[in-house]
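Just so it is clear, the values below take in all heavy atoms, side chains as well, and ignore hydrogens, waters and symmetry mates. Residue numbers start from 1 in every chain, and the chains themselves are labelled A, B, ... in the order their sequence lines are given, proteins ahead of strands.
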There are 2 protein chains.
Amino acid sequence: MKKRITLADVASAAGVSLMTVSRAINNKPGVGEDMRLAIVKLAEELGYQPNQIARSLATNFTTTVGLVVPDNTNPFFAQIARGVEDTAYKQNYNIFLVNTGENPAREQAALDSLWQKGVDGLILCSSRLPGESLEIEFSRFPAVVLINRELKDPVAHAITINVDDRRGAHRAIKYFREQGRQHIAYIDGPATSLSAKRRLEGYQSALEEAGIGFEPDLVECCAPDTEGGRIATASLIARAPKIDAIYCFNDLVAVGAIQMVRESGKKVPEDIAIIGVDDIPLATIIRPQITTLHVNLRHIGRLAMRTLLDVIEGGSSATAIQIEPVLVVRESA
Amino acid sequence: MKKRITLADVASAAGVSLMTVSRAINNKPGVGEDMRLAIVKLAEELGYQPNQIARSLATNFTTTVGLVVPDNTNPFFAQIARGVEDTAYKQNYNIFLVNTGENPAREQAALDSLWQKGVDGLILCSSRLPGESLEIEFSRFPAVVLINRELKDPVAHAITINVDDRRGAHRAIKYFREQGRQHIAYIDGPATSLSAKRRLEGYQSALEEAGIGFEPDLVECCAPDTEGGRIATASLIARAPKIDAIYCFNDLVAVGAIQMVRESGKKVPEDIAIIGVDDIPLATIIRPQITTLHVNLRHIGRLAMRTLLDVIEGGSSATAIQIEPVLVVRESA
DNA sequence: TTGTATGCGTTATCAA
DNA sequence: TTGATAACGCATACAA
């Protein structure tokens with residue numbers, strides 16, 4: 001393995017002091033322009049690359065941020081991660097990716113580890129940590145962006161980014177109503193999920209706003225996948241044969257719903273219209289293509305990173321950001 | 001933001017020297033057992049967490065590795081990343097995730113950046129770098145694992161992991177032959193792709209082995225997605241109506257093929273059998289469920305990280321690892 | 001404009 | 001078994 005070239009190496013090769021080289025390379029004032037050019041050129045020739053570790057020890061900055069997600073395999077977080085990394089790259093930051101597997105202990109361990117590595121900031125997605133633990137994290141990390149989690153009270157250098165699930169549900173229900181649908185069911189995700197709670201609220205309030213009452217019979221919970229959608233739809237149809245529309249927790253559930261509706265001899269969307277959430281790639285692959293609520297997740301990732309950098313640099317901004325989902329009308333509704 | 005507790009703080013609180021604390025915490029010899037316990041306990045109480053940056057500067061190790069992928073949004077790499085992170089976590093390592101977007105310049109910049117951060121090793125997926133550049137990287141990183149890329153000559157601390165695409169193609173063709181299929185077509189991916197090249201070779205040699213000649217007319221290239229599969233299948237059917245089996249570059253292509261076969265009035269698998277590659281989640285969601293070549297990508301990720309750690313720790317192993325795909329028979333063939 | 005001393009928090013090295 | 005001192009490579013503060 002090759003030896004590392006240090007500032008000292010460049011300095012002695014240039015016949016100047018270490019500090020002059022440092023200033024030249026970091027574009028700091030106090031160096032003659034001709035000298036600077038010569039030094040930069042020499043450093044390049046020698047193949048000098050700054051040792052970020054030494055730099056970090058001296059400055060207390062690492063140009064490094066932590067990204068904590070439940071599972072980077074989930075397209076939802078994968079898209080966000082991509083967005084985060086995109087703008088991180090542009091700003092010469094690197095990201096530590098950590099999975100928690102929905103396990104609070106592992107999440108806590110991950111945060112400790114990131115803290116020991118001195119990250120400049122933290123992007124925390126769907127944290128499962130209790131509120132008190134979060135507060136402790138806020139107090140030790142210089143900057144935190146929280147995605148998909150709400151805060152009771154605003155915190156100094158913490159910013160939350162959430163999808164406006166209530167608004168999304170409103171859009172979907174309103175669309176159903178405009179199509180003349182009368183009996184709108186909702187298949188919700190696991191009760192533990194924050195989004196599930198918010199979407200249910202949205203569904204409920206939208207129905208009331210539309211003048212149709214909320215019927216508990218028309219709501220069913222399920223695992224947030226295709227199989228869950230199949231099961232929930234089957235029992236929904238059995239229990240309330242009159243339903244003519246189903247709002248689904250996500251697109252995978254919607255796929256299961258579509259399959260089950262068809263297997264029961266009804267047509268999508270003629271007999272039963274279906275709307276999903278997420279706009280995953282699958283939504284345009286299967287037939288009928290799924291009408292769904294779309295959010296630009298990669299954009300959220302970029303926004304999160306930009307916001308985090310703002311906080312790190314001291315230029316604070318809003319403390320709670322809401323993202324509006326857009327209804328993409330395709331074939332299932 | 002809270003002040004950091006350092007070794008010195010613990011030392012003065014314990015009334016001993018800095019080094020004694022260091023030894024106690026790192027379980028190094030030279031400390032009385034009673035003393036060690038007392039110090040560890042005190043450190044815990046004070047909330048001491050080692051500063052990894054200082055430690056790295058002193059030891060030249062960072063317990064950090066770089067993971068470079070074209071796009072972490074692609075399920076193929078997302079699965080691998082998850083596997084890598086899983087075992088990294090268990091060994092108290094953190095991973096830097098970087099996307100290249102298939103852009104060699106960005107890939108090179110990413111490697112420089114990781115090198116500056118002093119990573120202990122590198123996992124490089126589907127690198128687009130020319131061979132000479134790769135050699136330079138091998139010489140400066142302490143350890144490298146290359147996924148989905150082959151090396152002409154074995155390199156000291158570089159290890160390659162590849163899916164045995166030729167073998168996979170053989171399996172598929174053999175299965176088709178056992179079913180009595182006579183005219184087996186192949187829809188290949190983009191010619192630039194290494195896997196595409198290997199799979200085509202496998203298809204060709206398998207046909208020859210089976211005693212049926214290779215007909216160029218039965219091969220079509222396409223974009224590696226559903227739309228590509230649709231287009232390729234359409235022209236394949238038009239050109240060679242007698243085909244009764246299609247081996248597809250991946251599952252998305254297979255989905256397109258299935259759709260197009262059906263739209264042309266034929267049945268899957270009765271008239272035309274279809275086999276894909278990858279076993280993505282979609283394979284079990286759509287009907288008919290796709291028969292496909294499965295590789296455990298998460299396992300590959302874990303293997304990659306384990307292997308990398310072996311190299312870092314000096315315990316070298318094999319230099320080229322091949323992973324065998326498994327044929328999962330479902331409904332499409 | 002340039003150079004010198006000092007410190008960042010830790011481990012390695014030697015001495016007690 | 002312990003402790004003092006010098007690195008690690010860089011940047012900050014101050015002196016020339």
Which nucleotide in the set C:dT10, C:dG3, D:dT2 lies at the smallest distance from any side-chain heavy atom of B:Thr20? D:dT2
Let's see if you can work this out: which of D:dC10, C:dT2, D:dC8 has an atom nearest to the side-chain heavy atoms of B:Leu57? D:dC8
Return no unless some side-chain N or O of A:Ser22 is found under 4.0 Å from OP1 or OP2 of D:dA11. yes
Looking at every non-hydrogen atom in both residues, tell me the closest pair between A:Val10 and A:Leu46 and how far apart they are. CA-CD1, 4.0 Å
Where A:Ala110 and A:Val98 come nearest, the two heavy atoms and their spacing: CB-CG1, 3.3 Å
Under a 3.5 Å cutoff, is there a donor and acceptor pairing between the side chains of A:Arg82 and B:Asn74? no
Between CG of B:Leu7 and C1' of C:dG9 the distance, given in whole Å, is 7 Å
Please report the distance, rounded to the nearest Å, between CD1 in B:Ile25 and P in C:dT10. 8 Å
How do B:Gln52 and A:Gly30 order along DNA chain C: which one's closest nucleotide is nearer the 5' end? A:Gly30
Looking at A:Asn51, does any N or O in its side chain come under 4.0 Å of the phosphate oxygens OP1/OP2 on D:dC8? no
Using the closest heavy atom to pick a nucleotide of DNA chain C for each, name whichever of B:Arg23 or A:Val16 lands nearer the 5' end. A:Val16
Whole angstrom is fine here: how far is it from CG in A:Asn27 over to C1' in C:dT1? 16 Å
Using whole Å, report how far CG of B:Leu18 lies from P of D:dT2. 15 Å
Report the residue (B:Pro29 or B:Thr59) whose heavy-atom-nearest nucleotide on DNA chain D is the more 5′ of the two. B:Pro29
When the nearest nucleotide of DNA chain D is assigned to B:Met19 and to B:Ala58 on a heavy-atom basis, which residue is associated with the more 5' position? B:Met19
With A:Arg149, which residues qualify under salt bridge (Lys or Arg N to Asp or Glu O under 4.0 Å), at least two apart? none
Is the distance from OP1 or OP2 of C:dG9 to the nearest side-chain N or O of B:Arg55 less than 4.0 Å? no
Could you state the atom-to-atom distance from CZ of A:Arg36 to C1' of C:dT1 in whole Å? 11 Å
Check the phosphate of D:dC10 against A:Tyr48, side-chain N and O only, distance under 4.0 Å to OP1 or OP2. Yes or no? yes
note: B:Asn26, atom CG; C:dT13, atom P; distance rounded to Å ~ 15 Å
B:Asn60 atom CG is separated from D:dC10 atom C1', nearest whole Å, by 14 Å
Just how far, in rounded Å, is C1' of C:dA12 from CZ of B:Phe61? 14 Å
Considering non-hydrogen atoms only, spot the tightest contact between A:Ile39 and A:Ala24 and give its length. CG2-CB, 3.8 Å
